[in-house]
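See structure below.
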Number of protein chains: 2
Amino acid sequence: MKRTNTDVPSFGYTGAESHDCRMVNSVLARIGDKWSVLVVMFLADGSKRFNELKRLIGGVSQRMLTLTLRGLERDGLVTRTVTPSIPPRVDYELTDLGRSLQKHAVALAGWANENQSAIERARTRFDSERKQTS
Amino acid sequence: MKRTNTDVPSFGYTGAESHDCRMVNSVLARIGDKWSVLVVMFLADGSKRFNELKRLIGGVSQRMLTLTLRGLERDGLVTRTVTPSIPPRVDYELTDLGRSLQKHAVALAGWANENQSAIERARTRFDSERKQTS
DNA sequence: CCGCATCCGGCTGGATACTG
DNA sequence: CAGTATCCAGCCGGATGCGG
């Protein structure tokens with residue numbers, strides 16, 4: 001989750017390039033944090049207002065939703081449109097870049113669903129084996 | 001990797017795919033943590049020993065590599081093979097499940113590379129605009 | 001309605017030292 | 001070589017209250 005590390009050293013993966021690591025990590029940090037992907041998912045079918053997103057996601061604090069949206073905006077994945085009315089209105093929408101990332105997120109979500117039971121079985125099996133040993 | 005926060009919310013997101021979200025989040029948490037993906041990448045071309053991985057990754061502490069590998073093993077993504085010799089030898093290898101996940105990781109890495117400059121531009125632009133306002 | 005400021009508990013992850 | 005154990009700083013994220 002924290003990508004504060006800067007000194008990723010030298011060498012490729014299997015044929016891939018080395019300096020990619022930082023960027024990959026940086027992107028994965030976005031993907032991996034608690035709310036970003038959920039926000040991207042819910043923005044898939046069009047722009048949403050702040051509290052609309054908050055209700056949809058359910059369980060996210062105002063603070064974290066704000067921070068998450070700022071992060072996504074900073075990376076150019078969503079746009080923030082302010083309408084200075086009373087009460088104020090703010091709409092968030094995926095950019096093209098955001099939509100292209102969303103495809104991969106959906107793919108990953110699909111993978112998670114397909115292998116959900118396999119992973120859960122592996123986890124419980126691993127945990128039960130551990131309990132016997134201890 | 002503590003998975004203590006994965007089984008929390010207890011309320012649905014918007015009805016339809018409520019329990020899917022938890023699983024997706026749980027998987028994304030694994031993907032998003034600091035070292036898992038790096039390990040999976042380096043295991044792509046065959047099994048590796050503990051210190052071999054440590055050298056390859058470079059910058060990971062013994063502790064974190066152990067924790068990361070335990071997490072991956074627990075989820076059924078890698079296998080751990082102990083050879084009780086002197087000195088002891090432990091090999092880690094991707095499972096089929098791990099390899100299927102790796103495909104998506106590679107896809108994401110590719111996306112990160114393709115859009116690296118776009119994201120960096122978005123970031124610096126966002127930051128400079130912020131500086132003016134403050 | 002939107003979002004920032006503040007406080008704070010708990011988890012993450014690094015450094016180090018010690019076993020088998 | 002391959003861990004385990006311990007300590008500890010720093011950040012993540014929740015709750016609450018204020019401000020435009």
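Protein chains get the first letters and strands the later ones, always in sequence-line order, with residue 1 at the start of each.
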task: Please check the phosphate of C:dC4 (OP1 and OP2 only) for any side-chain N or O of A:Arg70 closer than 4.0 Å.
output: yes
Phosphate OP1/OP2 of C:dC2 contacted by A:Lys54 side-chain N/O (<4.0 Å): no
task: Quick one: sort the B:Phe50 and B:Tyr92 rings into parallel, tilted or perpendicular, breaks at 30° and 60°.
output: tilted
query: Can you name the side chain to side chain contact (heavy atoms under 4.5 Å, CB included) partners of B:Ser61, sequence neighbours left out?
result: B:Arg63, B:Met64
- prompt: For the residue pair A:Asp91 and A:Ser47, what are the closest heavy atoms and their distance?
  reply: OD1-OG, 4.3 Å
message: So A:Arg49, base contact, sugar-phosphate only, or nothing? Heavy-atom distance under 4.0 Å.
response: sugar-phosphate
- prompt: Looking at A:Tyr92, does any N or O in its side chain come under 4.0 Å of the phosphate oxygens OP1/OP2 on C:dG3?
  reply: yes
A:Arg123 and B:Asp75 ion-paired at < 4.0 Å: yes
statement: Rounded to whole Å, the CD-C1' distance (B:Glu52 to D:dG3) equals 17 Å
Comparing B:Asn51 and B:Arg63 on DNA chain D - which has the more 5′ nearest nucleotide: B:Asn51
- request: Name the closest nucleotide to the B:Gln62 side chain, picking from D:dC1, C:dA17, C:dC2.
  value: C:dA17
statement: Separation of C:dC11 atom C1' from B:Asp33 atom CG, nearest Å, is 13 Å
